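This is a predicted model, so every value here is computed, not measured.
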Amino acid sequence: MASIVKTGSAKWEGSLKEGKGHVSTQSGVLSDQPYGFNTRFEGKEGTNPEELIGAAHASCFSMALSMILGQSDLTPDSIETKAEVHLEEKDGGFHVPKVHLTVEASIPGASQEDFDKAAMTAKENCPISKLLTAEITMDAKLV
């Protein structure tokens, strides 16, 4: 299979605190969405890199879990995943030491053991999990 390439882009203007940027995706789902110091650190309207990583990780995990369940002939009615991306100050800079996944899934016919095993496999093997060097923790609940 050939490599699949997707793109995201960002344009930044100005200094860190007073500057502003816009982020876009190849698909156009995000188009010139504003981001900046105030959206990242001060809770202002707009996006930031951490929430974009969280959305990417949550969606990747959910798809991976669905695939893994399918290998056991289980089809989820729903998988709801939230990824909390922790940004912390360290050594005069910032880093992302941890991502915490919170998962609730409705899967007809799945045992708790089936679900726990599939969720752990998805956490460890979805492509975004493999990309991150942060510690990835998870609370997964079969509902």
Side-chain angles (χ1 to χ4, degrees), residues 1-14 16-17 19-91 93-143:
M1 180 175 167
S3 178
I4 297 170
V5 178
K6 302 293 180 185
T7 62
S9 61
K11 181 178 181 180
W12 184 263
E13 297 171 336
L16 174 63
K17 288 194 175 181
K20 61 183 177 183
H22 291 87
V23 62
S24 298
T25 58
Q26 175 182 345
S27 67
V29 170
L30 292 178
S31 181
D32 290 326
Q33 278 299 123
Y35 77 103
F37 187 88
N38 60 1
T39 65
R40 194 173 194 183
F41 298 105
E42 298 171 350
K44 299 293 182 187
E45 193 171 318
T47 192
N48 60 72
E50 291 73 33
E51 78 174 4
L52 296 172
I53 290 168
H57 199 185
S59 59
C60 183
F61 171 88
S62 295
M63 290 178 74
L65 180 54
S66 179
M67 179 194 74
I68 293 161
L69 291 166
Q71 293 168 349
S72 298
D73 295 323
L74 295 168
T75 302
D77 283 343
S78 67
I79 299 170
E80 294 185 31
T81 306
K82 178 181 176 182
E84 297 172 346
V85 178
H86 296 249
L87 179 67
E88 296 179 4
E89 198 166 359
K90 180 181 179 184
D91 300 328
F94 288 89
H95 74 128
V96 174
K98 178 181 176 180
V99 176
H100 182 75
L101 301 173
T102 303
V103 185
E104 285 194 6
S106 173
I107 309 159
S111 69
Q112 188 68 50
E113 182 180 344
D114 292 336
F115 173 67
D116 291 344
K117 183 178 177 185
M120 196 56 103
T121 300
K123 178 181 86 72
E124 294 169 0
N125 293 292
C126 89
I128 300 300
S129 287
K130 289 181 176 182
L131 172 71
L132 302 174
T133 59
E135 173 191 15
I136 301 169
T137 59
M138 179 176 63
D139 290 323
K141 182 178 174 184
L142 183 61
V143 292

**Request:** Could you list the residues that satisfy ring pair (Phe, Tyr, Trp, His ring centres under 6.0 Å) with F115, not counting sequence neighbours?
**Result:** none

**Item:** Check: K44 main-chain N/O paired with T39 side-chain donor or acceptor under 3.5 Å
**Value:** no

**Complete:** By salt bridge (charged side-chain N to carboxylate O under 4.0 Å, His left out), E45 pairs with (sequence neighbours left out) none

**Message:** I need the I128 CD1 to F61 CZ distance, nearest 0.5 Å.
**Reply:** 13.5 Å

**Item:** Closest non-hydrogen atom pair between T47 and Y35, with its separation
**Value:** O-CB, 3.3 Å

Could you go through residues 66-83 and list every donor-acceptor pair under 3.5 Å that involves a side-chain atom there, pairing it with any protein atom two or more places apart or in another chain?
{"from": "T81", "atom 1": "OG1", "to": "S62", "atom 2": "OG", "distance (Å)": "2.8"}

**Message:** Checking the side chain of S31 only, and the main-chain atoms of S24 only, is there a donor and an acceptor separated by less than 3.5 Å?
**Reply:** no

**Asked** Out of curiosity, F94 CZ to H86 NE2, how far, rounded to the nearest 0.5 Å?
**Response** 15.5 Å

**Nearest-0.5 Å distance, CD of residue E51 to CD1 of residue I53** = 10.5 Å

**Request:** Compare all side-chain heavy atoms of L101 with those of D139 and state whether any distance is below 4.5 angstrom.
**Result:** no

**Prompt:** Would you call E50 and R40 a salt bridge, using N to O less than 4.0 angstrom?
**Reply:** yes

**Polar side-chain atom of D114 near backbone of A110 as donor-acceptor pair, under 3.5 Å** = no

**Item:** Heavy-atom closest pair, residues N125 and K130
**Value:** O-CE, 3.5 Å

**Request:** To the nearest 0.5 angstrom, please state how far the NE2 atom of H57 sits from the CG atom of L132.
**Result:** 5.5 Å

**Message:** Walk me through whether L87 and F41 qualify under side-chain contact (heavy atoms from CB on, under 4.5 Å).
**Reply:** CA-CA 10 Å; L87 179 67; F41 298 105; 3.7 Å; yes

**Prompt:** Are there more than 12 heavy atoms of other residues, nucleotides or ligands under 6.0 Å from atom CD of E88?
**Reply:** yes

**Message:** Test your reading of the model: is there a side-chain donor-acceptor pair from K98 to the backbone of I136, 3.5 Å cut-off?
**Reply:** no

**Prompt:** Can you tell me how far CG of D116 sits from OG of S111, rounded to the nearest 0.5 angstrom?
**Reply:** 8.0 Å

**Prompt:** Roughly how far, to the nearest 0.5 Å, is the CG atom of L52 from the CD atom of Q33?
**Reply:** 9.0 Å

**Prompt:** Does CE belonging to M138 count more than 12 external heavy atoms closer than 6.0 Å?
**Reply:** yes

